[in-house]
Number of protein chains: 2
Amino acid sequence: MSTRREAVREALTTSSGFRSAQDLYADLRADGSKIGLTTVYRALQALSDAGEVDVLRTDEGEAVYRACDTESHHHHLVCRVCSTAVEIEGPTVERWAAEVGAQHGFTGVTHTVEVFGTCAECSRA
Amino acid sequence: MSTRREAVREALTTSSGFRSAQDLYADLRADGSKIGLTTVYRALQALSDAGEVDVLRTDEGEAVYRACDTESHHHHLVCRVCSTAVEIEGPTVERWAAEVGAQHGFTGVTHTVEVFGTCAECSRA
DNA sequence: GGCGAAAACGAAAATGGTTGTCAAAATTCT
DNA sequence: AGAATTTTGACAACCATTTTCGTTTTCGCC
Ligand SMILES: [Zn+2]
Ligand SMILES: [Zn+2]
Ligand SMILES: [Zn+2]
Ligand SMILES: [Zn+2]
């Protein structure tokens with residue numbers, strides 16, 4: 001694990017929400033790092049491949065990443081305002097997805113589930 | 001509703017799967033239409049705004065569209081190979097998403113749920 | 001410590017989907 | 001028909017992401 005990649009992981013870990021490559025690059029540069037944008041992309045790619053970070057796409061198509069506490073299968077409850085995310089689980093959903101796939105004769109069934117809303121804190125404002 | 005927009009809607013309706021703007025553009029041109037790519041994008045934007053087509057993002061970030069039978073809330077079971085999609089509903093998931101959001105104090109809770117797999121036909125091959 | 005191979009870096013260019021611009025063409029109105 | 005309005009499409013601009021490639025750093029070995 002190179003120093004640069006460690007820096008990207010660190011920058012990602014200090015945030016509880018999903019961040020884009022550009023966000024992280026800006027953060028790191030603001031902290032005085034001389035890291036290049038390409039390296040940030042490469043680090044995120046590697047971390048993603050290693051299953052150490054979760055990725056999802058915003059409505060605008062931008063990839064955003066998050067360093068989750070658990071590496072086991074889970075989903076997220078994401079604040080639309082501050083992008084803070086909470087890891088959630090749902091045996092109910094897991095079962096439902098598998099069943100609906102099987103019912104239609106699909107094999108190798110997977111799913112994507114994300115829940116969005118305005119978090120308690122942002123709701124107050 | 002202009003002729004061009006109608007043509008895009010038609011091209012989308014003849015497919016049971018999700019298609020990208022570029023796909024539709026290629027289809028239309030192959031059919032002899034002189035439509036421009038810009039117009040395809042504009043038509044899809046309008047149809048999407050009107051809630052007449054569903055949009056989702058591929059893993060690569062490309063927007064893909066589908067003219068669904070129902071305009072009411074639903075999700076999709078999508079074939080990873082041929083991209084054919086089946087509209088599915090799940091009261092269970094709807095309830096679960098609302099609950100998990102409420103439990104964490106989130107307001108204005110929405111969700112995205114898509115199920116992927118290999119359809120029966122593609123599984124045979 | 002010195003050295004060479006291999007891996008990591010970063011700046012700049014290339015890519016590819018999508019959107020903005022603007023003048024021409026089609027449609028609608030009077 | 002003629003003017004006003006909308007739609008269209010070629011082309012340029014955008015922007016996130018990837019590729020390229022020469023430079024720098026790291027690492028194993030002498
Ligand atoms: Zn929030
Ligand atoms: Zn799941
Ligand atoms: Zn299929
Ligand atoms: Zn739903």
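Every chain is numbered from 1, with letters handed out A, B, ... down the list of sequences.
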Quickly work out the E6(B) CD to dT8(D) C1' distance and round it to whole Å.
-> 16 Å
Spacing between E62(B) atom CD and dA16(D) atom P, to the nearest angstrom = 18 Å
Rounded to the nearest angstrom, tell me the gap between atom CD in E60(A) and atom C1' in dT19(C).
-> 13 Å
Check: dA10(D) base within 3.5 Å donor-acceptor of T38(B) side chain | yes
Round to the nearest Å and state the distance from L37(A) atom CG to dT18(D) atom C1'.
-> 11 Å
Does R42(A) or A21(A) map to a spot on DNA chain D nearer the 5' end, using the closest nucleotide for each?
-> A21(A)
Looking only at heavy atoms, the pair that brings A97(B) and H111(B) closest together is CB-ND1, 3.8 Å
In whole angstrom, what separates Y41(A)'s OH from dA13(C)'s P?
-> 18 Å
Could you tell me whether Q22(A) contacts a base, only the sugar-phosphate backbone, or nothing, with contacts defined as non-hydrogen atoms closer than 4.0 Å?
-> base
Looking at T39(A), does any N or O in its side chain come under 4.0 Å of the phosphate oxygens OP1/OP2 on dC9(C)?
-> no
Got V100(B) and F106(B) here, is their nearest side-chain heavy-atom distance under 4.5 Å?
-> no
Starting at atom OH of Y25(B), determine the distance to atom P of dA10(D), rounded to an integer number of angstrom.
-> 6 Å
Given atom CZ of R57(B) and atom P of dG16(C), what is their separation to the nearest angstrom?
-> 18 Å
In whole angstrom, give the distance that lies between atom CG of L28(B) and atom P of dG9(D).
-> 10 Å
Donor-acceptor pair, side chain of H74(A) and main chain of S72(A), under 3.5 angstrom | yes
What side-chain donor-acceptor pairs closer than 3.5 Å can you find for residues 38-49 of chain B, not counting sequence neighbours?
{"unit_1": "Y41(B)", "atom_1": "OH", "unit_2": "Q22(B)", "atom_2": "NE2", "d": "3.0"}
{"unit_1": "Q45(B)", "atom_1": "NE2", "unit_2": "D49(B)", "atom_2": "OD1", "d": "3.1"}

